[in-house]
A.B. asks: 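After the structure tokens below, expect a handful of questions from me.
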Amino acid sequence: MRFQRAKALAFSAACLLGGMPGPAVRAEADRGGEQDTPPNVILIFADDLGYGDLGCYGNTSIRTPQLDRMAAEGQKWTSFYAAANVCTPSRAALLTGRWPVRSGMTSDRRLVLTARAAGGLPDDEITLAQLLRSRGYVTGAIGKWHLGQQPQFLPTSRGFDGFFGTPYSNDEAVSPAWRKDFTRRDYWNNPLFYTPRSEYWDIPLMRDEAELERPVEQSTLTQRYTEAAVRFIETHARRPFFLYLAPNMPHVPLFASDRFLGRSPRGIYGDTVEELDAMVGRLLEVLRRKGLAQNTLVFFSSDNGPWLIFGEHGGSAGILRDGKGTTWEGGHRVPAIFWWPGRIEGGSSVDGVGSTLDVFTTVAKLAGAALPAERVMDGLDLSAPLFGQGASPRQSMLYFRGTRIYAIRQGQYKAHFSTKPGFGPGLVETAHAPPLLFDLERDPGEQVDIAASHPEVVAGMVRLLAERQAGLSFGTDQLVEQLPAD
Ligand code: MG
């Protein structure tokens with residue numbers, strides 16, 4: 001084990017730096033002509049990007065020509081859900097294909113892993129990177145991790161050959177010199193968030209397990225991630241690769257590089273999204289140029305809805321209600337675009353339900369990998385809708401807050417058993433018995449409660465809640481234990 005790990009680390013830096021490939025890489029490259037080569041997979045996971053923030057999802061002030069083109073050449077989903085409404089549990093679900101409650105990566109006492117968290121994604125969880133590596137993939141993580149910053153939880157310990165990014169959110173820790181200027185109370189009103197400088201936050205940039213820069217210059221993050229992603233693709237063009245690219249933007253504090261700063265009519269928030277758009281365009285162009293487009297599945301989505309309490313520095317959920325932190329549609333429903341020229345029909349659209357939970361199962365199938373045994377997998381295989389062979393197999397969606405199910409979608413209906421604001425003063429939970437009921441097809445903005453006129457639907461939802469609760473398992477809370485302060 002020790003030897004294998006040392007070997008993996010030795011060539012991981014080369015992977016992300018685009019240096020000379022190691023022996024394992026060359027051996028794979030020599031077999032590059034085989035017909036049964038599994039597809040390359042790129043998952044791009046934006047941070048706090050709202051359902052209404054892209055042109056192809058109706059935004060008229062943020063210019064996203066590259067993502068609009070990706071949708072025109074690929075498949076856009078209109079009812080696609082993140083498996084949580086905040087970062088850590090959402091990312092855990094994407095990379096494990098399981099409800100985060102099972103791994104303990106969601107908590108009723110903390111929203112996400114802090115910079116001093118002792119926990120992280122437990123070792124007995126199998127990440128998509130581990131699964132694909134077992135199929136001969138080279139695996140790289142670029143961007144925000146947020147599944148544990150202790151060495152045993154970092155990407156290089158969880159199936160990735162290399163890592164270049166931040167271990168947690170770009171606002172997770174305040175620099176010592178600025179701590180007196182930040183308080184936990186009403187932090188969204190702090191003017192420093194709206195005139196941000198990188199030095200305010202104590203965020204490291206890491207390569208594998210080593211710190212490169214602290215505090216990281218945040219204005220160049222998207223640019224540097226783009227360059228690292230291009231190098232990763234070019235270096236591993238002849239080998240099946242899995243790239244998990246999770247930019248820090250557009251999570252506050254907002255930063256864009258000089259080329260994008262001050263350009264968007266939507267202000268700094270628009271600048272950051274337009275820079276992400278250019279990043280996606282660049283990667284798709286590299287795939288085309290290297291002849292990889294026909295054998296690469298690219299998925300673009302967001303980890304949760306917009307952080308609305310930050311006003312103009314937060315995104316938009318479009319027609320959906322509320323945003324990040326809540327179980328209203330705006331907290332969970334996110335943009336989702338799949339792109340694979342020659343396999344996925346260009347300009348297709350799916351209105352059926354899908355989830356980031358399903359990405360693991362779908363990719364495993366495409367890669368010819370067996371699903372992890374001896375555990376409940378919560379994802380479904382979306383191959384049928386992706387390749388125009390049938391409807392989405394997913395009929396229902398659960399909306400968790402911490403470890404509890406607050407709402408359920410079944411078909412066109414959604415029942416809220418509890419509601420609670422996401423952020424701000426007066427965070428009071430309201431229980432609903434009978435539940436609030438909305439018809440998401442007629443009323444995607446969840447404005448008209450139709451429970452009184454649909455008693456049979458309500459009764460079915462109550463039964464479904466009991467059934468789904470009974471099917472849950474609860475891992476040890478990974479978010480609550482903190483390391484001593486330095
Ligand atoms: Mg987020």
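We count ligands from 1, going down the list as the structure has it; atoms in each ligand are counted the same way.
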A.B. asks: Keeping to residues at least two apart or across chains, list the ring-ring contact (aromatic ring centres under 6.0 Å, His included) pairs with something in residues 401-431.
C.D. replies: Trp307-Phe423, Trp328-His416, Tyr413-His454, His416-Phe438

A.B. asks: For atom CG of Asp186, is the number of surrounding heavy atoms from other residues, nucleotides or ligands below 6.0 Å larger than 12?
C.D. replies: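 Count over threshold, so yes.
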
A.B. asks: Just to be careful: counting only protein atoms that are N, O or S, how many fall under 2.8 Å of the Mg ion (ligand 1)?
C.D. replies: 6

A.B. asks: Does anything in residues 100-109 form a salt bridge (charged side-chain N to carboxylate O under 4.0 Å, His left out)? List the pairs, not counting sequence neighbours.
C.D. replies: Arg102-Asp378

A.B. asks: Do Glu125 and Leu95 come within less than 4.5 Å of each other through their side chains, counting heavy atoms only?
C.D. replies: no

A.B. asks: Quick test of your reading: applying salt bridge (charged side-chain N to carboxylate O under 4.0 Å, His left out), list the pairs with at least one residue in residues 252-274, sequence neighbours left out, ordered by first then second residue.
C.D. replies: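 Sorted result for residues 252-274: Arg63-Glu274.
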
A.B. asks: Indicate the ring-plane relationship of Phe164 and Tyr225, choosing parallel, tilted or perpendicular according to the 30° and 60° boundaries.
C.D. replies: perpendicular

